[in-house]
Amino acid sequence: MGLDFSVVPKFMDVILLGGLWTVAITVCAALLSFFGGIFFAVVALYAPAVIRLPMRAFEWVFMGTPLLLQLFLIYFGLVQVGIDLPAFVAGVIGLGLHFAVYNSELIQTAIVAVDKGQMEAARTLGLSRGQALRKVVVPQAVRDVIPPIGNNMIALLKDSALVSVIGVSELTLSAQLAIGRTYRPFEFYLVAAVVYYIINLGMEYVLRKIERRIALAR
Amino acid sequence: MNDKTPFLDIRHARKSYGSLEVIKDISLTVDRGEIVAIIGPSGSGKSTFLRAINDLDPLTGGEVWLEGTQVNKKLPHRQYEKHINQVRQDIGMVFQHFNLFPHLSVRGNITLAPKMLKGLSDADANKLAEEQLDRVGMLDRIDFMPSQLSGGQKQRVAIARALAMKPKVMLFDEATSALDPELVEEVNQVMKKLASEHMTMIIVTHEMGFAESVCDRVLFMDQGVVVEEGPPSVIFRNPESERTRNFLRKHLEGVRS
Amino acid sequence: MNDKTPFLDIRHARKSYGSLEVIKDISLTVDRGEIVAIIGPSGSGKSTFLRAINDLDPLTGGEVWLEGTQVNKKLPHRQYEKHINQVRQDIGMVFQHFNLFPHLSVRGNITLAPKMLKGLSDADANKLAEEQLDRVGMLDRIDFMPSQLSGGQKQRVAIARALAMKPKVMLFDEATSALDPELVEEVNQVMKKLASEHMTMIIVTHEMGFAESVCDRVLFMDQGVVVEEGPPSVIFRNPESERTRNFLRKHLEGVRS
Amino acid sequence: TGAASADELEALKEKGSMRIAMSGAYPPFNFVNEQNEVVGFDPAIGTEIAKRMGLETEIVTTAWDGIIGGLLANKYDAIVGSMSITEERAKVVDFVGPYYTTKRAIFTKPDSKITSVKQIDGDVKVGVTLGETHEEWAREQGYNVRTYKGLPELLLELKNGRVDVIVNDSIAAILAMKKNGDDFRMLPDLETDQIGAGIAIRQGNPELKAAMQKALDSMMEDGTYLEIANKWVGGDIR
Amino acid sequence: MDTDLMLKVYPFFLKAAWVTIELSLLTTILGLACGALGAAARLSRLAFFRFLGTAYVSLFRGTPALIQLFLLYFGGPQIGIQLDAFQAGVIGLGINIGAYMTETIRGAIIAVDKGQTEAARTLGMSRFQTMARVILPQAARLMIRPLGVNINALIKGTALVAAISVVELTYTAQRYIGSTYKPFEMFMLSGALYMVIIYVAGRAIAWADRKARIA
Ligand SMILES: Nc1ncnc2c1ncn2[C@@H]1O[C@H](COP(=O)(O)OP(=O)(O)OP(=O)(O)O)[C@@H](O)[C@H]1O
Ligand SMILES: Nc1ncnc2c1ncn2[C@@H]1O[C@H](COP(=O)(O)OP(=O)(O)OP(=O)(O)O)[C@@H](O)[C@H]1O
Ligand SMILES: [Mg+2]
Ligand SMILES: [Mg+2]
């Protein structure tokens, strides 16, 4: 069986549309994972035990089980207790929270690593602990972990393929759809791989820009 | 405040870390506009004492009063937080390692606290930043990031940042000892300028020459006590105690070989 | 080696970073047992010059010769590597930030290179480590980890580590400027001891007093050139050039206020 | 592969066994029982065909997404996995069979307002399984299609009310509902052809194809087929 | 909740978990090997190796592992690579996670203070000796935790091999969902087992990290 790309153009619009969905879901989930990560990190470090411990358990489940399973539970499970999320939203929440937990680990370490002198200097000026955290410590911690968080975001892009299980017609699902029609798996997986790679290059470009900008702020 | 109340009054300060007593009953009053130097060997408790003044390292005993207000008041947590954040605005502090906020520009470093705490508008905060930077000769660097500054410049910005809160007293903890020798002078000049403007200052330093030329009074601390105290001319030229003499001799050897 | 060949000979050294010329045609010969100090303002190229001597920062022009061997020989990569690793064993170097290996004990720090490069047995290497640590007064810390040492102690171990390779010349790049003033003296004492043992040394330093008391010759560098060179008595008391005078004046102000 | 020159039948005979693939998640045709064995109509038919050809069988379960890819990559020799015979698939693989036929059916909840196929318009959400022929068909009708991984998800979604109707093979769906205790209703007026399920093999193996077809035909004649069908599906589904 | 069913099938989940564990272990080993090689290439003196290393990381991190698996398993035979599903799973996932590990290892190596290299080179140690005796021992401590994160992702990522017919934990659950129509029960079983595996792996990594820190 040789490769035959002649069937590809007919499905190119489907694939590209899938690519757009992938971008959309990645961007939304990336934002959620970023801010969620900061939130979880601050809670894990500073919240009282009544909030911290349940949160810890919640993080544990997200760290300890495959994303596939989490997506399934969020989409098919929550509706049984009356929370009816559209597939796209469920996908964003699943992906976003999954990576938020990873980001939180990074940010926690970074918060602890921010020079003690920074908190002292801020407190000395009269800032409260919360103000110092918000304006001085957390921004620096986040800045310090932008590269690994960027890595997570790129992993998130790849994992967005799993959202196909709950029926969001993102890139992988679109490729599978085309394969289902034509039975040309290699051609379409290759095409999908190329589209993923292009999105990935775009993300890497943006990350490099951000990293260059924050290099000064060290 | 009546005239007999001292400006800054530290009474029977004590501080222990576990069983280690680091500050052993030190009392000190400082008048408005007075400049006090604290010298002493490493580990003698200078930093701890200085940091106790704004309750950054709370004392285990004793009281700190500034203009009739007790700084280290015992209060329920929330009230204490409110109180101490208020009081600290009156006490500027400059650290050995500058502790500029690296993610903010020079302007951002200076305007952050005034905007958050005094509710200054952007325009007012900018004006304030410009004034204070001008005072330390750093106005032309207002839009630089800290990473783009030399050590001496960083320290001058740190001083401007503290001054922007219009503090009543400034504390300096070895403000020049992390600097290359060539950069020390520029920071010393700024401190001299503040002295000439009658800013009340407490300065922990290793530079005897600077202490001698700027300060009204010198405290020599060792092992948590003030061993000797007096005008610089006396402490540096004719110290009474053996310990002071020893320290000064060793110190001069260290610096000048 | 005949007697006319200089011990250490640096000829027309040049170094640029891109278009920035950092070392501009410096020549220097050092005799066996001679002690040379290099002073000069920050950024003048002192470190770069020192690091060029063992080719850590390769020169862009000029030659470095040690006892008739060219250090910075142009060779194919593999041969060069072999050659330079050989030569560097003869050139001890001590850095401002010690650079002790944190994962090895004091003993491990000292014995690593002799064991690997000279094939010393464990017993011999241990003996060597003990000798060298004794020389710097650190024998009692032989089984400590670097993190358990003070700055001055770290630096003395770093010196012992370099000495253990039995170098022909020692380079010091501001060996004391990361130290607290009280700790400077102990390192200076070790360097003085080496001087009394006629170790050939090139010392980049900010401490004029120390330079004056230890060195045979002082070079004042500025902006990549040697502005003035001579015995310490002349350079420190009667410098010829305006630039040297300026630097020394500022410097003394900085240190003594 | 040099399929044109050497028919794979020989190689299979030499090896003495045949690998047959299915998803393992499509009861009653193929599924795992509580002993974790893959059983059902498909494995029974596949095993019987192989037996009649003098071969052992080895059952491979693989996710449906990659099942044709695996056949083409020679990871197994045949797909006996309830694959509908379509023109497009026939361009890529050869089919033996059909070995059973089924009908496309559309199901709704019992209390649904939709009682006729004609009521399905753009507002009605139609659930289908990704990659099945029903998906393509539903799209051709211009339905508002949502795709899922398989029948379990489809049934869940219908129950949850996130889709209004689902399109599926009638037999599998009816048996699943029975098992699940669901009471969904089949729209009565869907006009649709019989869909044949075939055994897919790699192209260019006429002898293998003929041998398998012969085995299938013979078991249909001698009653073995009916026995198997009765056991797993509860009726003749030729 | 159908606990009877769960009780009946859980032994098969345990068996499947064992497949997941085997996959994870082998993939970790292969991934570490690829990561070490990749990092060596990326830090090489020779531009050619650096290019290879960069291309490896870029391609394998830049596309989904699932697609890489498909291309290896289904596309491999076309270029003469015949692998059974388990082998393909290990190799595909190993090479994929190796790209991530390359960056982790490289990051740890370059995080070691440059002064360490200088000090060792100054003593006359060669590049290789410096790397082996000075840099790597220090980098090892820095990389254990981030590698642990890679391994965590890898364990969960083994679920992908279901698509190439390896019956591991996730596909076992999916097969049972197919036949029992009880997705929640089945996912509960597989989820709990994943959590156990990941917990144990996490403890092992924390232990290694502690050991390295004490040393
Ligand atoms: N957080 C702490 N826990 C325990 N001991 C401490 C702590 N902070 C300081 N100390 C001890 O208190 C003593 C005084 O320390 P302090 O930093 O005030 O000295 P210093 O005079 O400022 O010295 P230096 O000149 O080195 O800055 C020292 O013995 C120090 O080890
Ligand atoms: N890797 C580099 N790339 C570009 N410029 C460099 C590099 N290293 C040093 N320089 C520049 O070379 C000049 C000389 O630096 P060098 O470190 O030798 O000065 P120095 O005299 O040792 O200063 P200091 O007293 O601060 O240590 C400086 O202007 C410096 O910015
Ligand atoms: Mg101190
Ligand atoms: Mg230097």
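The sequence lines fix the lettering, A, B, ..., with proteins before strands; numbering per chain opens at 1.
With a threshold of 4.5 angstrom between heavy atoms, B:Gln89 approaches chain A through its backbone and through its side chain. Interface residue B:Arg51: only side-chain heavy atoms are found under 4.5 Å from chain A. Looking at B:Phe95, the atoms closer than 4.5 Å to chain A (heavy atoms on both sides) all sit in the side chain, from C-beta outward. Residue contact with chain A, scored on non-hydrogen atoms closer than 4.5 Å, involves the backbone and the side chain of B:Met93 alike. For A:Arg134, the part lying near chain B is the side chain, with the backbone staying farther off; criterion is any non-hydrogen pair under 4.5 Å. Of the atoms belonging to B:Ile84, it is side-chain heavy atoms, and not backbone ones, that fall under 4.5 Å from chain A. Heavy atoms closer than 4.5 Å to chain A are found in the side chain of B:Leu56, but not in its backbone.
Taking the six-membered ring where the residue is Trp, the centroids of A:Phe39 and A:Phe35 are separated by 6.0 Å or more.
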Checklist entry - Is there a side-chain contact (heavy atoms from CB on, under 4.5 Å) between B:Ile159 and B:Phe172 once you walk through the steps? => result CA-CA 9 Å; B:Ile159 294 173; B:Phe172 292 86; 3.9 Å; yes
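Summarising the local packing, CZ of A:Arg52 is surrounded by more than 12 heavy atoms from other residues, nucleotides or ligands at distances under 6.0 Å. The environment of B:Lys15 atom NZ is dense: over 12 non-hydrogen atoms of other residues, nucleotides or ligands sit within 6.0 angstrom.
A heavy-atom distance below 4.5 Å is not found between the side chains of A:Tyr205 and A:Ile210.
For A:Thr26, there are no side chain to side chain donor-acceptor pair (under 3.5 Å) partners two or more places apart in sequence or in a different chain.
Of the listed residues B:Gly108, B:Pro167, B:Ala113, the one with more heavy-atom pairs under 4.5 angstrom with chain A than any other is B:Ala113.
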